[in-house]
Amino acid sequence: MTYCVGLLLNDGMVLLSDTRTNAGLDNISTYRKMFIFEDPGERVIVVMTAGSLSVTQTTIAQLHDAIDDPDATPDTSIMLAPTMLKVAQIVGEKLSRVREEIDHKLSIAQGASASMIVAGQRKGGGMRLFLIYPEGNFIEATEDTPFLQIGEHKYGKPILDRVVKPSTSIADAQKAVLLSMDSTLRSNLSVGMPLDMAVIGKDAQRVTLRRRIEAGDPAFRAMSEAWSTALRDGFARILI
């Protein structure tokens, strides 16, 4: 399993994913779940994936093939699509088609499920953040719900519900997603290090910060320990 989270803020977008895949206790591997498609100054698209590795890797490969196709059109290539909505539609259609093909080969209904988060901005357009379901349909982040999650999301959701608003600063947003991931890492062994984080500044049309956080990273460990201490202290101060 995995955990990915994306925040849509007034000042930009913050995205974080883990890298663990788990096909049993004796088959744990590391695979990148964040994929960046970028034409700096023109458009940036980040796709994060959760679910069946065969579905997500095939979908990402087909997206790359469509970009490289000399006959690519705005209806087939996410790098030519006129809007982020069209990007989400292309990714959703590709994901749904791949899932159906793999399901058919496995002869197990719904046996190869996957979901994706698509974030980005094109020149002249606004920042947009979508959650794409296995069937290809999707929802979009809004001011009322400025974050989207896929994978093992329940452990990291409470802090996001409490602190994340569109007005949240990029610095605080990075802290929020990392603490959200820290809560998930502590509660679910199917989510694991290293982590990939990307920040897209508003109207930059490129990734403005990219960071890989390895196991044992001192800054992440210090933040995790400080959060644990703050929670314990807060708990001790509450009276019933």
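Computed from a predicted structure; not experimentally measured.
- Of the possible donor and acceptor atoms, one in the side chain of Thr59 sits under 3.5 Å from a partner among the backbone N and O of Val55.
- With respect to the salt-bridge test (charged N to carboxylate O, under 4.0 angstrom), the residues Asp217 and Arg211 qualify.
- A donor-acceptor contact shorter than 3.5 Å links the side chain of Arg99 to the backbone of Pro134.
- Taking 4.5 Å as the limit, some side-chain heavy atom of Ile170 sits within range of a side-chain heavy atom of Val14.
- With sequence neighbours left out, Thr49 forms a side chain to side chain donor-acceptor pair (under 3.5 Å) with no residue at all.
- Considering only heavy atoms from C-beta on, Leu209 comes within 4.5 Å of Gln174 through its side chain.
- Residues meeting the side chain to side chain donor-acceptor pair (under 3.5 Å) test with Arg212, sequence neighbours left out: Asp196.
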Next item on the list: Please lay out, stage by stage, how Met197 and Val177 fare under the test side chain to side chain contact (heavy atoms under 4.5 Å, CB included).
Entry: CA-CA 9 Å; Met197 184 165 66; Val177 297; 4.2 Å; yes
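- Taking 4.5 Å as the limit, every side-chain heavy atom of Leu195 sits out of range of all side-chain heavy atoms of Thr19.
- From Lys154, atom NZ reaches atom CD of Gln149 across 11.0 Å, with rounding to the nearest 0.5 Å.
- With sequence neighbours left out, the side chain to side chain donor-acceptor pair (under 3.5 Å) criterion links Glu225 to no other residue.
- More than 12 heavy atoms of other shown residues, nucleotides or ligands fall within 6.0 angstrom of atom NZ in Lys86.
- Phe138 places none of its side-chain heavy atoms less than 4.5 Å from the side chain of Val91.
- Cluster note: Val46 groups with Leu8, Met13, Leu15, Met34, Ile36, Val44, Met48, Ile117, Met127, Leu129, Leu131, Tyr133, Ile139, Leu148, Ile150, Ile200, Val207 through ILVMFWY side-chain heavy atoms spaced under 4.5 Å, whether in direct contact or through intervening members.
- With a 4.5 Å cut-off on side-chain heavy atoms, Ile45 and Met79 count as touching.
- In terms of modelled atom types and a separation under 3.5 Å, the side chain of Thr56 and the main chain of Ser52 share a donor-acceptor contact.
- Using a 4.5 Å heavy-atom cutoff, the side chains of Asp233 and Thr229 are in contact.
- In this structure the side chain of Leu85 reaches within 4.5 angstrom of the side chain of Arg128, judged on heavy atoms.
- In this structure a side-chain-to-backbone donor-acceptor pair under 3.5 Å is missing from Thr76 to Ala72.
- Under the 3.5 Å distance criterion, the side-chain polar atoms of Arg122 are left unmatched by any main-chain donor or acceptor of Ala81.
- Of the possible donor and acceptor atoms, none in the side chain of Ser77 sits under 3.5 Å from a partner among the backbone N and O of Thr73.
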Notebook entry, point to check: Going through the distances and angles, do Val47 and Ile60 end up as a side chain to side chain contact (heavy atoms under 4.5 Å, CB included)?
Noted result: CA-CA 9 Å; Val47 179; Ile60 294 296; 3.9 Å; yes
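- Between the side chain of Ser180 and the main chain of Ala176, no donor-acceptor pair closer than 3.5 Å is present.
- For the residue pair Ser17 and Met181, the shortest heavy atom distance occurs at C-CE, 3.8 Å.
- Between Phe37 and His64, the two ring planes are tilted [angle within 30° to 60°].
- Checked by atom type and distance alone, the side chain of Gln121 pairs as donor or acceptor with a backbone atom of Asp203 at under 3.5 Å.
- Under the 4.5 Å side-chain heavy-atom criterion for Ile, Leu, Val, Met, Phe, Trp and Tyr, Leu7 and Met223 are members of the same hydrophobic cluster.
- The minimum heavy-atom distance between Leu9 and Ala173, with the atom names listed, is CD1-CB, 3.3 Å.
- The closest side-chain donor-acceptor pair between Asn188 and Ser190 falls under 3.5 angstrom.
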Next item on the list: Given salt bridge (charged side-chain N to carboxylate O under 4.0 Å, His left out), test Asp161 with Lys157 step by step and report yes or no.
Entry: CA-CA 6 Å; Asp161 285 331; Lys157 189 173 186 292; 2.9 Å; yes
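- Residues Leu179 and Met193 fall within the same hydrophobic cluster, defined by Ile, Leu, Val, Met, Phe, Trp and Tyr side chains chained together at heavy-atom separations under 4.5 Å.
- No more than 12 heavy atoms of other residues, nucleotides or ligands lie within 6.0 Å of NZ in Lys123, so this atom counts as exposed by the packing criterion.
- The hydrophobic cluster containing Leu185 also contains Ile213, counting ILVMFWY residues as joined when their side-chain heavy atoms lie under 4.5 angstrom apart, directly or transitively.
- Both Trp227 and Leu16 are part of a single hydrophobic cluster, where members link through side-chain heavy atoms under 4.5 Å apart.
- For the 3.5 Å distance criterion, the side chains of Tyr31 and Thr2 fail to qualify, holding no donor opposite an acceptor.
- Looking at residues two or more places apart in sequence or on another chain, you find a side-chain contact (heavy atoms from CB on, under 4.5 Å) between Asp71 and Asp69.
- For Thr208 (side chain) and Gly201 (main-chain N/O), a donor-acceptor pair under 3.5 Å exists by modelled atom type.
- By the 4.5 Å heavy-atom criterion applied to side chains, Arg20 and Val191 are not counted as neighbours.
- A continuous path of Ile, Leu, Val, Met, Phe, Trp and Tyr side chains, each step under 4.5 Å between heavy atoms, connects Leu178 with Ile159, placing both in one hydrophobic cluster.
- Every residue meeting the salt bridge (charged side-chain N to carboxylate O under 4.0 Å, His left out) condition with Asp182, not counting sequence neighbours, appears here in chain and number order: Arg186.
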Note to self: Go through it in stages, so that I can follow the logic: the residues are Glu214 and Phe220, the test is side chain to side chain contact (heavy atoms under 4.5 Å, CB included), and I'd like the CA-CA distance, side-chain angles, deciding distance and then a yes or no.
What the structure shows: CA-CA 9 Å; Glu214 300 285 352; Phe220 183 78; over 6 Å; no
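- How far CD of Glu100 is from CD of Glu135: 9.0 Å, rounded to the nearest 0.5 Å.
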